[in-house]
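Worksheet: one structure, shown below.
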Protein chains: 2
Amino acid sequence: MTHLRSDAQDNRDKILEVAREVFATEGLDVSMREVARRAQVGPATLYRRFPTKEALVTQAFEEQMGACRDVVEEAVADPDPWRGFCTVIEKVFELHARDRGFTAAFMSAYPKALDFSKNRGEVLALIAGLAARARESGDLRPDFVVEDLVMVIMANGGIRAGSPAASVAASRRFAALAVEAFRAGGRAPLPPAVRLPLMPV
Amino acid sequence: MTHLRSDAQDNRDKILEVAREVFATEGLDVSMREVARRAQVGPATLYRRFPTKEALVTQAFEEQMGACRDVVEEAVADPDPWRGFCTVIEKVFELHARDRGFTAAFMSAYPKALDFSKNRGEVLALIAGLAARARESGDLRPDFVVEDLVMVIMANGGIRAGSPAASVAASRRFAALAVEAFRAGGRAPLPPAVRLPLMPV
DNA sequence: CTGTAAGTGGACGCCCGCGTCCGTTTGGCT
DNA sequence: AGCCAAACGGACGCGGGCGTCCACTTACAG
C-alpha cells in the first residue's frame, strides 16, 4: 500500500487528472465508468484505487479544498476584516464557478472523508472569525451568520450559464450583489436564518 | 382528440396530479416510468397522453406558471413600484422554494411548449416594466437588469435544506438579502450582467 | 534472468430506464 | 343488448450503469 508499482501510480494519477477535469466541467453526476473510459483504464482498475465514488470525489477535490483554504487564510490575514470578507466571497464564488463539481462536493455529507470535512469545518470557522471581526468593525450587517454564506455559496452553485466564462462572469456579479446584501446598513430586518445540513451523496 | 373517453380522462388527471406532486418534491429528475408507476398506470398510457417528458412537464407546471403570473400581475398593480418589486421577489422565491421542479422547468428551453415559454416571456416583461418604474422612483438600483432577477431565481433554486419547510424558510431569508442587494444606494458598482440562456432539457 | 506478487481490463450478471408493439378490456353510441 | 373504436398495460429489445471475478500481463526484487 505504501508504494504503488510505477504503472499503478501512473494510472492513479491519470484517473485523478481526468476526474478533476470531468467533475469541473460536468459536475459530479458522471458515472464511474465514464471516468474510467476517459482515463483509458478498465473499471476494475478504477474501483481498485477508489472503491467508492466518495473516495474518488474527495481525493479529486483535495486540491480545490486546499485552494479554498488558501484564499480564506489570506483573506483572514487582511488587516481590514470587511475587505477580507469581501475577498472571501469574490474568490470563493469564482472557485466554485470554475468548478461545477466543487460546490456539490463542498455541500455533500461524506462520512468517510475525514480530511475533507475537517478542512471544510476549519474553513468555515476561519470565515466565522473573520465575519465576527467585520461585524465588530461595523461594516458587516449585525444579523449576518455563517449559514448565510453557506446559503449563498449553495445559491451560487445554482447559477448556470452557457459557457464556463459566462458562469464565472455571472458569479462575479452575484458575488457583488451578495456583498451589497451583507454590508451593514440594510434597512429591513432579515427573516430567521436556517441551518443548511450537508446533503447525502 | 377533442373528447377523451372517461377512463382515459381519469388516467390523464391522475397522471398530472401525481406528476405535479413528484416534480414538486423530487425535482424533474424523475423517470417517466416512476410517474407511471405512482399513477398506477402502464408506461404506454403515460406515453400515449404525454409523448415526451417535455409535454408532461409543461402541462404539469401550467398551473404553477399561472400562479406565478398572478403574483406578478398583482405586484405590478401596486401603486408603489418598489413595494411591488419586493413582493415579486418574495412571492416568486417562495413559489420556487415550494416546488423544486418549477425552477428547473422555468429555466428549461422547451422548444415545443409555446404556451409555457410565452407565459414566461410575458412574466419577465411585466417584471421588466415594474423594475423600470422602481428604478425611476429611485428605490431600485439603477444598474439592475432583468437578467439579475433571472440569476437570483436560478440561485434560489440551488438552495436545498433538510425539509420543504426549511427550504421555504431559507428562501425567505435569501429573498430578503436579494431585496437588500437590489435596493438603490449600493456603494460598489456591479460587474457586467450576463444573459443566462435557457438550458436544454 | 527469472519468479512472483501486484496490477490489469475484458466480461459477466444484475437492475433500471427507454420507447414501442400488440393482444385484451371497456366505455359509450346505436 | 351488441358492437367497435378507444384505451389499456404487460412484455419486449435495446442501451447503460453497477460492482465483481478471473485469466492474462508486467514491474521489480533477488
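Each chain gets a letter, A, B and so on, in the order its sequence line appears, and its residues count up from 1.
Here the side chain of B:D7 is nearest to one of C:dG27, D:dG9, C:dT8, namely C:dG27. Picking from C:dT8, D:dA11, C:dG27 the nucleotide with the shortest atom distance to the side chain of B:P43 gives D:dA11.
At a threshold of 4.0 angstrom between heavy atoms, the contacts of B:T45 include nucleobase atoms, whether or not backbone atoms are also involved.
Both B:S6 and B:K53 lie close to DNA chain C; mapped to their nearest nucleotides by heavy-atom distance, the more 5′-ward contact belongs to B:K53.
Per the geometry, CZ belonging to B:R48 stands 12 Å off P belonging to C:dC21, to the nearest Å. We find that CG of A:D10 is positioned 10 Å from P of D:dA27, with the value rounded to whole Å. Note: NZ (B:K14) to P (D:dA7) measures 19 Å, nearest angstrom. If you take CD of A:Q9 and P of C:dT8, they are 10 Å apart, rounded to a whole angstrom. As a whole-Å value, the separation of B:Y47 OH from D:dA7 C1' is 18 Å.
For the residue pair A:N119 / A:R69, a side-chain donor-acceptor distance below 3.5 Å is found, with atom types taken as modelled. Counting only N and O atoms by type, the side chains of B:S171 and B:N156 include a donor and acceptor under 3.5 Å apart.
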Extract from the structure each pairing of a protein N or O with an N or O of nucleotides 2-6 of chain C at less than 3.5 Å, listing the distance.
from  : atom 1 : to   : atom 2 : distance (Å)
C:dA6 : N3     : A:R5 : NH1    : 2.7

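Between the B:K14 side chain and the B:V41 main chain, no donor and acceptor come within less than 3.5 Å of each other. With A:D80 contributing its side chain and A:R83 its backbone, the two residues share a donor-acceptor pair below 3.5 Å. Remark: the backbone N or O of B:P191 is not paired with any side-chain donor or acceptor of A:R172 at under 3.5 angstrom.
Taking the six-membered ring for Trp and the full ring otherwise, B:F93 and B:F174 have centroids separated by under 6.0 Å. Under the 6.0 Å cut-off for aromatic ring centres, B:F116 and B:F106 do not qualify, their centroids lying 6.0 Å or more apart.
Less than 4.0 Å separates DNA chain C from at least one heavy atom of each of the following residues of residues 16-39 of chain A: A:R33.
Counting only residues at least two apart or in different chains, side-chain hydrogen bond (donor to acceptor under 3.5 Å, both in side chains) contacts with residues 95-113 of chain A comprise A:Q64-A:D99, A:E94-A:R98, A:H96-A:T103.
One finds no salt bridge joining A:D139 and A:R183 here, because no Lys/Arg side-chain nitrogen approaches an Asp/Glu carboxylate oxygen to under 4.0 Å.
Taking only side-chain nitrogens and oxygens, B:N11 comes nearer than 4.0 Å to OP1 or OP2 of D:dC8.
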